[in-house]
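Data first, discussion second: the structure below is written as structure tokens.
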Amino acid sequence: MADLQPVRGTHDLLPEEMRAHRRVSDLARGTAGLHGFDEIATPIFEFTNVFARTLGDTSDVVTKEMYTFEDKGGDRLTLRPENTAGVCRAFISNGLAQHAPVKYFYSGPMFRHERPQKGRMRQFHQIGIELIGAAQPLADVEVIACGRAILESLGVADDTVLELNTLGDTESRNAYRAVLVDYFQDHIDRLSEDSRDRLTRNPMRILDSKDDGDRKLVADAPIFSDYLNQESQDFFGAVTGGLDALGITYKLNPRLVRGLDYYCHTAFEFTTEALGAQGTVMAGGRYDGLIGMLGGPETPGIGWAAGIERLAMLSGVMPEADRPIAVVPMGEDAERRALTLVRDLRKAGLRAESAFSGNMKKRMKHANKINAVVAVILGDEELSRGVAQVKTLDDGTQREVALDRLADDLSVALSQG
RNA sequence: GUGGCUGUAGUUCAGUUGGUUAGAACGCCGGAUUGUGAUUCCGGAGGUCGUGGGUUCAAGUCCCAUCAGCCACCCCA
């Protein structure tokens, strides 16, 4: 029994759910394409170092969430927990620096060993874009605008809020981090246990703590904007300026921090109230140091990732399958003729099928069950005259059509809805 | 990884203070005379009550463990 259950945190995408996923990824791919992002795919596993080196030794993802294993050759491999590192590795591997800036879209499964919840799976699916090789704030604007456009195409933009923050450049961030650590160090006795841990691993995360005691401390903590150098301020100003020009609204959130080490400057999230604790639907930021950390040429980058499950859930749209044409033959001769008839309908681009067995009644039932638009009824009498009865199942009307005109006739009839 | 709630047919759920062959709806399968589905009527199949222990004369009902789902935390998409 346990063996027949899917592995914890994984689940099967049956046609109905698959269609909802396809809708998300197809619309996203199309919209990203309009913004000049081409789709790529990187392997779903990489050498462990690709993630360990870029995500930071202390991040939760690396310390407890990676699916890591040794292959038969003794290499340490990891199922990708996210795709940015993989795309950057591919950028280096393929010597794409000469083509920079490059713009990529991706869609596929990711793996994280977390406690499952609704909207949070161990194998889940993300779409994302990466813009590599552009250091200008206008690149940030384009990446965010593309994300926003995708949410619009999915019909969920109004359910989300764009939260925005800057992490500044390395100099600003280091300066701030030092002050912040000093501050919390002085009040360590009042800090929650989680946050004491954060103090060494990722002190800026304390700013986003949900603990009441922490929040009181945070209220009096040093403010990041006081430590942003001029360059960082100008950069962020250009980003917000671009968003303003596009009429994209956002909410400044100084507590919006990134868990992953490679982020700098722009950090953003599209969040929603509709998904409980899993409110982040699309998140990203600038990662200028990442490619250098991987061993490639210093190259700036910015991108975001979004969870397909969460987007599908948020949109609530369950697309229906295309309705087929059901061919209903009676008798051996008609059955044989139906074979080529179905083939020809398919060649004409129509979804068509015929049950594999059964008398007329069974086949009509089958036609109904597969939600057919029309049933093409073919008996000996029709066969001898080279025609078929075409019955529209929704209203029960029936008409006669010559077999050699059937594909054309149905193509026209069905395209008219 | 931590804490809480839940676990009965394919699905959504009933199952009284532990007590005889565990129910319903929907779905599925079959039938209601000769070449017409979906509506109606009749009938049928399908559950080791998540799994494994324990308490009891007796457990779907109580206890423990385990697995899974859900919720919150952690973290994140």
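In what follows, chains are A, B, ... by sequence order, proteins preceding strands, each numbered from 1.
- The shortest distance between side-chain heavy atoms of A:R148 and A:L246 does not fall below 4.5 Å.
- A salt bridge is absent between A:D212 and A:R215: the closest approach of a Lys/Arg side-chain nitrogen to an acidic carboxylate oxygen does not fall below 4.0 angstrom.
- Closest to the side chain of A:R8, out of B:C70, B:G69, B:G37, is B:G69.
- Across all strands shown, B:G52 pairs with B:C64; the Watson-Crick or G-U wobble distances both stay below 3.5 Å.
- With distances taken from any side-chain atom of A:Q278 to the nucleotides B:A72, B:G35, B:C67, the minimum falls on B:A72.
- Rounded to a whole Å, the CZ atom of A:R255 is 14 Å from the P atom of B:C75.
- For B:G37, one of the phosphate oxygens OP1 or OP2 lies less than 4.0 angstrom from a side-chain nitrogen or oxygen of A:K361.
- You won't find any donor-acceptor pair under 3.5 Å spanning the side chain of A:Q389 and the base of B:U36, going by distance alone.
- Residue A:R198 places at least one side-chain N or O under 4.0 Å from the OP1 or OP2 atom of B:C75.
- For A:E382 against B:G35, a side-chain-to-base donor-acceptor contact under 3.5 Å is present.
- Both A:K369 and A:H366 lie near RNA chain B, and the one whose nearest nucleotide falls closer to the 5' end is A:K369.
- Remark: the A:S411 side chain and the A:D408 side chain contain no N/O donor-acceptor pair separated by less than 3.5 Å.
- Closest to the A:N368 side chain, of the nucleotides B:A77, B:U36, B:G37, is B:G37.
- Spacing between atom CG of A:D394 and atom C1' of B:A38 amounts to 9 Å, rounded to whole angstrom units.
- Distance from the side chain of A:K391 is smallest to B:U36 among B:U36, B:C28, B:C70.
- A close approach under 4.0 Å does not occur between any side-chain nitrogen or oxygen of A:R310 and OP1 or OP2 of B:A77.
- Using the Watson-Crick or G-U wobble rule with both distances under 3.5 Å, B:G43 pairs with B:C29.
- A donor and an acceptor atom sit less than 3.5 Å apart, one in the side chain of A:R120 and one in the base of B:C75.
- Close to B:C74, at under 4.0 Å from its OP1 or OP2, lies a side-chain N or O of A:K210.
- With the nearest nucleotide of RNA chain B identified for both A:Q117 and A:K362, A:K362 has the one nearer the 5' end.
- The partner of B:C5 is B:G69, judged by Watson-Crick or G-U wobble contacts that both fall below 3.5 Å.
- Nucleotide B:G1 holds its P atom 7 Å from the CZ atom of A:R122, rounded to whole Å.
- The CG atom of A:L191 sits 13 Å away from the P atom of B:C74 (whole-angstrom rounding).
- B:C29 and B:U17 have their P atoms separated by 40 Å, given to the nearest Å.
- A donor-acceptor contact closer than 3.5 angstrom links the side chains of A:S192 and A:D214.
- Per the geometry, CD belonging to A:E193 stands 14 Å off P belonging to B:U2, to the nearest Å.
- A donor-acceptor pair under 3.5 Å is formed between the side chain of A:R323 and the backbone N or O of A:A372.
- By the 4.5 Å heavy-atom criterion applied to side chains, A:P222 and A:Y227 are counted as neighbours.
- Side-chain proximity of A:M330 to the nucleotides B:G35, B:A77, B:A72 is greatest for B:G35.
- Spacing between atom CG of A:N83 and atom P of B:C76 amounts to 18 Å, rounded to whole angstrom units.
- Atom CD1 in A:I206 sits about 10 Å away from atom P in B:C75, given to the nearest Å.
- Picking from B:A68, B:A77, B:C75 the nucleotide with the shortest atom distance to the side chain of A:T280 gives B:A77.
- Residue A:R112 places a side-chain atom within donor-acceptor reach of the base of B:A77, judged by atom type and a 3.5 Å distance cut-off alone.
- For a distance-only test at 3.5 Å, the side chain of A:R115 fails to qualify as a donor-acceptor partner of the base of B:C76.
- Not one N or O on the side chain of A:R76 forms a donor-acceptor pair closer than 3.5 Å with the backbone of A:T68.
- For A:P116, taking side-chain heavy atoms from C-beta onward, the closest of the listed nucleotides B:G37, B:G35, B:G69 is B:G69.
- B:C74 atom P lies 19 Å from atom NE2 of A:H113, rounded to whole Å.
- Judged by atom type and distance alone, A:R363 does not reach the base of B:U36 through any side-chain donor-acceptor pair under 3.5 Å.
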